[in-house]
Amino acid sequence: MKKKLIVGNWKMNGSLAANEALVQALRAGWPAAADCDVAVAVPSPYLAQVQSLVDASGIALAAQDVSQHDAGAYTGEVSAPMLRDFGVRYVLVGHSERRQLHGEGDAAVAEKAQRALAAGITPIVCVGETLAEREAGQTEAVVRRQLAAVVHRNGRCISEVVVAYEPIWAIGTGHTATPAQAQQVHAALRAQLAAASAHAPAMRLLYGGSMNASNAAQLLAEPDIDGGLVGGASLKAPDFLSIIAAAR
Ligand code: PGA
């Protein structure tokens, strides 16, 4: 059985002191019965700090973004090999905040996934629709288009990718998708992946968008929801630990 994967997305939050307190609280409160994979996606300047804080714990290190380029004159960018140097195991690509606030398109997201894979880092490819797109009945068309670009560019490696479905209207709003709404989109994504890879059943599809301690168990009980990408609730150790305990 594949293990569920719970990823905390700290976004642009934290400090040396706050990161240390948070990771120590996670380590101290680790549920004895935890049976999932866990990672935290931290701001780049803190990769080295958190790499040592999570050493020999059940927590893997993730980054929040990666350059679509390998090296060179790209001021401000961080490459996949650089992330690898700091023991990064996963990287978010195509988070809606990057797509919406930083103009990242499907092609760039697909290239980022490719750079990560080439460096031995698992990309967590984020897809999701706006409220207007959902209300116009376009949800599946939008997420299929976003995923298709990544599938097309990454061919046979696609089974190495993790996909995160994050409806934009649910991110940071407290309006979680219902388990049925999320499952419907996850099933469509799984079918799309199955057309590209025989390994689609073993791939992990995460749900993200206001996942918290009280709704995680219900969401994670759906057959095609294999984990969570958790923003706000990942900054509070008791809440994140509850979600980890619910992932089985
Ligand atoms: P949220 O964020 O859990 O705060 O809604 C999720 C995300 O953006 O990854």
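Atom set for the values below is all heavy atoms of this structure, side chains included, hydrogens, waters and symmetry mates excluded. Whatever order the structure lists ligands and atoms in, that order sets their numbers, starting from 1. Counting from 1, the numbers follow the sequence of the chain as shown.
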Could you tell me whether a side-chain N or O of [X] sits under 3.5 Å from a main-chain N or O of [Y], the two making a donor and an acceptor?
X: Asn154; Y: Val151; answer: no
X: Ser197; Y: Leu193; answer: no
X: His199; Y: Ser159; answer: no

- [ ] Please indicate whether any nitrogen or oxygen in Val230 is less than 3.5 Å from any nitrogen or oxygen in ligand 1.
- [x] no

N or O contact, Glu166 vs ligand 1, cut-off under 3.5 Å: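 Yes, there is a polar N/O contact under 3.5 Å.
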
For residues 58-91, the ring-ring contact (aromatic ring centres under 6.0 Å, His included) pairs (sequence neighbours left out) are His69-Tyr74

Which atoms of ligand 1 have any heavy atom of [X] under 4.0 Å away?
X: His95; answer: 7 (C), 8 (O), 9 (O)
X: Gly172; answer: 1 (P), 4 (O), 5 (O)
X: Ala170; answer: 5 (O)
X: Gly209; answer: 5 (O)
X: Lys11; answer: 2 (O), 7 (C), 8 (O)

Can you tell me the protein heavy atom closest to atom 4 (O) of ligand 1 and the distance?
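In this structure, atom 4 (O) of ligand 1 has Gly232 N, 2.8 Å as its nearest protein heavy atom.
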
of all protein heavy atoms, closest to atom 3 (O) of ligand 1 is Gly231 N, 2.8 Å

Handout entry: Carboxylate-amine/guanidinium contact Lys112 Asp65, below 4.0 Å
Key =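 So Lys112 pairs with Asp65 through a salt bridge.
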
- [ ] Answer side chain, backbone, both or neither: which part of Asn9 comes under 4.0 Å from ligand 1, heavy atoms only.
- [x]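 Asn9 to ligand 1: side-chain contact only, backbone stays beyond 4.0 Å.
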
> Relative to ligand 1, is Ala164 under 4.0 angstrom through side chain, backbone, both or neither, heavy atoms considered?
Replying inline: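 The answer is neither.
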
With a 6.0 Å cut-off (strictly less than), is the heavy-atom count around CD of Gln138, excluding the residue itself, greater than 12?
yes

* Atom CG in Leu205, atom CD in Gln183: separation rounded to 0.5 Å? ->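 CD of Gln183 is found 9.5 Å from CG of Leu205.
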
Would Ser210 count as a contact of ligand 1 if the rule is a heavy atom under 4.0 Å away?
yes

Heavy-atom closest pair (Ala119 atom, Pro81 atom, distance to 0.1 Å) is CB-N, 4.1 Å

